[in-house]
Amino acid sequence: MRERMRVGIVGAGMTVPWFLDAAALIPEMEIGALFARKEEKRRELCERYQIPEAYDSYEKLLADASLDVLYLPLPNSLHYSFTKQALEAGKHVILEKPFTVTYAEAKELADLARAKGLILFEAITNQYNPNYEKVRELLPGLGDIKIVQLNYSQYSSRYDAFKQGIVAPVFDAKKAGGALMDLNVYNIHFVTGLFGEPSGVHYYPNMERGVDTSGILILEYPTFQCVCIAAKDCGAPLSVNIQGDKGCIFSHSNAGRFEEFSYQENKKESVPYALIKEEPIFYDELRAFADYYEKKDMEAFQKRLDQSLLVMRILDRARGIEN
């Protein structure tokens with residue numbers, strides 16, 4: 001008999017419908033309540049997804065003893081405070097990327113979750129993507145890795161307003177906005193999930209109004225170099241390329257969704273892969289979460305938490321923050 005968890009949703013942002021659409025396909029998940037400050041959004045989401053409880057304060061949601069897990073899709077600057085309150089209230093947490101603003105915040109939350117025996121899980125799509133798992137399987141066939149390059153550039157719908165002085169959170173340096181935290185974080189997860197922690201980290205941002213609207217991140221490994229490009233102020237073809245002395249892997253997808261890729265050994269035809277099923281974007285990560293939860297596989301959760309902490313260390317190093 002599978003253990004059914006009751007999930008509470010915090011907020012009504014863009015990713016909430018994605019989460020709810022995916023959760024509807026996970027038998028072990030039951031959406032029990034939603035908190036959103038705006039009454040109209042609360043009512044709309046609760047009616048659309050048949051969510052039984054709607055709260056007008058976070059404190060009321062935290063006090064709901066029927067909820068086991070909270071999903072926190074919040075502005076970056078609120079991740080730490082909302083997650084800390086949730087953990088202190090005894091709730092497991094699914095937290096959107098980037099994990100926190102700094103490694104110090106992430107480490108404090110990880111220590112708190114571990115001390116209380118709670119799950120703290122970063123919702124990062126590529127780590128559970130079947131295409132990504134296939135890349136991991138095929139990687140040895142590339143031989144010695146020489147060059148890794150990822151480009152996640154997309155012209156932001158908010159950039160024109162930003163140039164006119166209207167600053168959305170995603171472009172607000174005080175709220176941990178910018179291309180590194182919003183887009184390059186996917187590239188970092190993609191690379192470190194395959195190759196581990198780099199020996200060197202160097203970030204070269206294009207700065208406007210005190211925030212990186214685009215930038216190039218160099219991750220140095222003992223035997224190869226990695227270039228991670230992310231931009232919100234310009235666009236370019238999306239790409240993921242891993243080049244070895246025996247072959248390469250290349251994709252025209254971004255590192256977040258990673259919808260397809262091709263594998264090609266030297267002097268051979270390329271082999272295409274597109275292993276994602278026609279399911280909501282968050283399905284694979286929520287399926288993994290539910291599987292770990294059902295099996296009470298805390299070792300798997302701890303491994304994922306360590307990955308999130310690694311990425312936060314790199315983000316700090318890129319921004320020159322000592323940790």
Side-chain angles (χ1 to χ4, degrees), residues 8-11 13-16 19 35 58 61-62 69-127 168-193 197-198 201 203 205 210-212 215 217 219 228 230 232 255-256 282 285 289 301-323:
I9 309 294
V10 178
M14 179 179 67
T15 66
V16 170
F19 183 97
F35 153 63
Y58 188 43
L61 185 78
L62 291 175
V69 180
L70 299 187
Y71 171 57
L72 306 183
L74 301 165
N76 299 348
S77 57
L78 299 179
H79 285 195
Y80 168 77
S81 60
F82 274 67
T83 301
K84 186 175 182 180
Q85 291 179 72
L87 294 172
E88 289 174 339
K91 309 295 187 186
H92 303 298
V93 174
I94 300 174
L95 180 60
E96 267 301 331
K97 62 83 192 169
F99 206 52
T100 50
V101 175
T102 66
Y103 172 77
E105 290 181 349
K107 182 66 164 58
E108 181 183 338
L109 294 177
D111 289 346
L112 178 59
R114 286 166 169 159
K116 295 176 73 68
L118 294 169
I119 296 162
L120 179 54
F121 181 88
E122 184 175 11
I124 187 78
T125 50
N126 58 25
Q127 295 300 294
V170 75
F171 280 111
D172 191 339
K174 295 178 181 178
K175 296 180 179 179
L180 179 70
M181 301 293 278
D182 187 45
L183 298 180
N184 233 336
V185 65
Y186 287 111
N187 292 337
I188 298 169
H189 266 289
F190 194 101
V191 173
T192 57
E197 187 162 9
V201 176
Y203 188 47
V211 72
D212 61 321
L217 177 70
L219 302 179
C228 296
K232 299 180 70 63
F282 287 176
E285 67 190 54
F289 181 92
F301 280 123
Q302 297 305 331
K303 181 179 178 181
R304 296 300 185 180
L305 184 52
D306 286 340
Q307 166 71 10
S308 296
L309 291 172
L310 165 57
V311 171
M312 287 310 309
R313 286 199 299 274
I314 292 170
L315 289 170
D316 271 14
R317 292 174 69 185
R319 294 173 293 165
I321 299 172
E322 297 292 333
N323 57 47

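Quick note: numbers below take in every heavy atom, side chains included, and nothing from hydrogens, waters or symmetry partners.
- Considering every non-hydrogen atom in both E285 and A123, the closest pair reads OE2-CB, 3.0 Å.
- Comment: D306 engages R114 in a salt bridge, judged by a side-chain N to carboxylate O separation of less than 4.0 angstrom.
- Between the CD atom of E108 and the OG1 atom of T83 there is a distance of 11.0 Å, given to the nearest 0.5 Å.
- Checking side-chain atoms of N184 against main-chain N and O of A179 turns up no donor-acceptor pair under 3.5 Å.
- Of all heavy-atom pairs between V93 and A86, the closest is CG2-CB, 3.6 Å.
- Between D182 and K97 there is a salt bridge, since a side-chain N of the basic residue sits under 4.0 Å from a carboxylate O of the acidic one.
- Not one N or O on the side chain of H92 forms a donor-acceptor pair closer than 3.5 Å with the backbone of L120.
- Residues L61 and V10 are in side-chain contact: their nearest non-hydrogen atoms beyond the backbone lie under 4.5 Å apart.
- Remark: F99 pairs with no residue by the ring pair (Phe, Tyr, Trp, His ring centres under 6.0 Å) rule, at least two apart or across chains.
- The two residues A173 and G210 make their nearest non-hydrogen contact at CB-O, 3.4 Å.
- Residues D212 and P205 come closest through the heavy atom pair CB-CB, 3.7 Å.
- Not one N or O on the side chain of H189 forms a donor-acceptor pair closer than 3.5 Å with the backbone of Q127.
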Legend entry - salt bridge (Lys or Arg N to Asp or Glu O under 4.0 Å) evaluation trace for E197 with R313: CA-CA 9 Å; E197 187 162 9; R313 286 199 299 274; 3.2 Å; yes
Inset, instruction - Mind running side-chain contact (heavy atoms from CB on, under 4.5 Å) on F121 and L95 for me, showing each step along the way? - result: CA-CA 6 Å; F121 181 88; L95 180 60; over 6 Å; no
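- With values rounded to the nearest 0.5 angstrom, L219 atom CG is found 4.5 Å from C228 atom SG.
- Ring orientation note: the planes of F19 and Y71 are close to parallel, at an angle under 30° on the 30°/60° scale.
- Formation of a donor-acceptor pair under 3.5 Å by the N76 side chain with backbone atoms of A176 is found in this model.
- When atom types are taken as modelled, the side chain of D316 and the backbone of T102 share no donor-acceptor pair closer than 3.5 angstrom.
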Inset, instruction - Could you check K175 against L78 for side-chain contact (heavy atoms from CB on, under 4.5 Å), going step by step and ending with a plain yes or no? - result: CA-CA 8 Å; K175 296 180 179 179; L78 299 179; over 6 Å; no
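- Taking CE of M312 as the start and CG of L309 as the end, the distance is 9.0 Å to the nearest 0.5 Å.
- Between I94 and L70, every side-chain heavy-atom pair lies at or beyond the 4.5 Å cut-off.
- The shortest distance between side-chain heavy atoms of V69 and K91 does not fall below 4.5 Å.
- The ring pair (Phe, Tyr, Trp, His ring centres under 6.0 Å) test applied to Y58 returns F82, not counting sequence neighbours.
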Inset, instruction - Quick one: do E122 and E96 satisfy side-chain contact (heavy atoms from CB on, under 4.5 Å)? Show the steps, please. - result: CA-CA 6 Å; E122 184 175 11; E96 267 301 331; over 6 Å; no
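- In this structure, the separation between CG on L315 and CD1 on I321 is 8.5 Å, given to the nearest 0.5 Å.
- Between the CZ atom in F301 and the CG atom in L118 there is a gap of 11.0 Å [rounded to 0.5 Å].
- Side-chain atoms of H79 and L72, non-hydrogen and from C-beta on, never get closer than 4.5 Å to each other.
- Closest heavy-atom contact between T125 and G256: OG1-O, 2.8 Å.
- Side-chain atoms of E105 come within 3.5 Å of backbone N or O of V101 as a donor-acceptor pair.
- Taken from CG in L180 to OH in Y203, the straight-line distance is 4.5 Å, to the nearest 0.5 Å.
- Side-chain contact between Q307 and T192 is present, with heavy atoms from C-beta onward closer than 4.5 Å.
- Of all the heavy atoms in P98 and V185, the pair that sits closest is CB-CG2, 4.3 Å.
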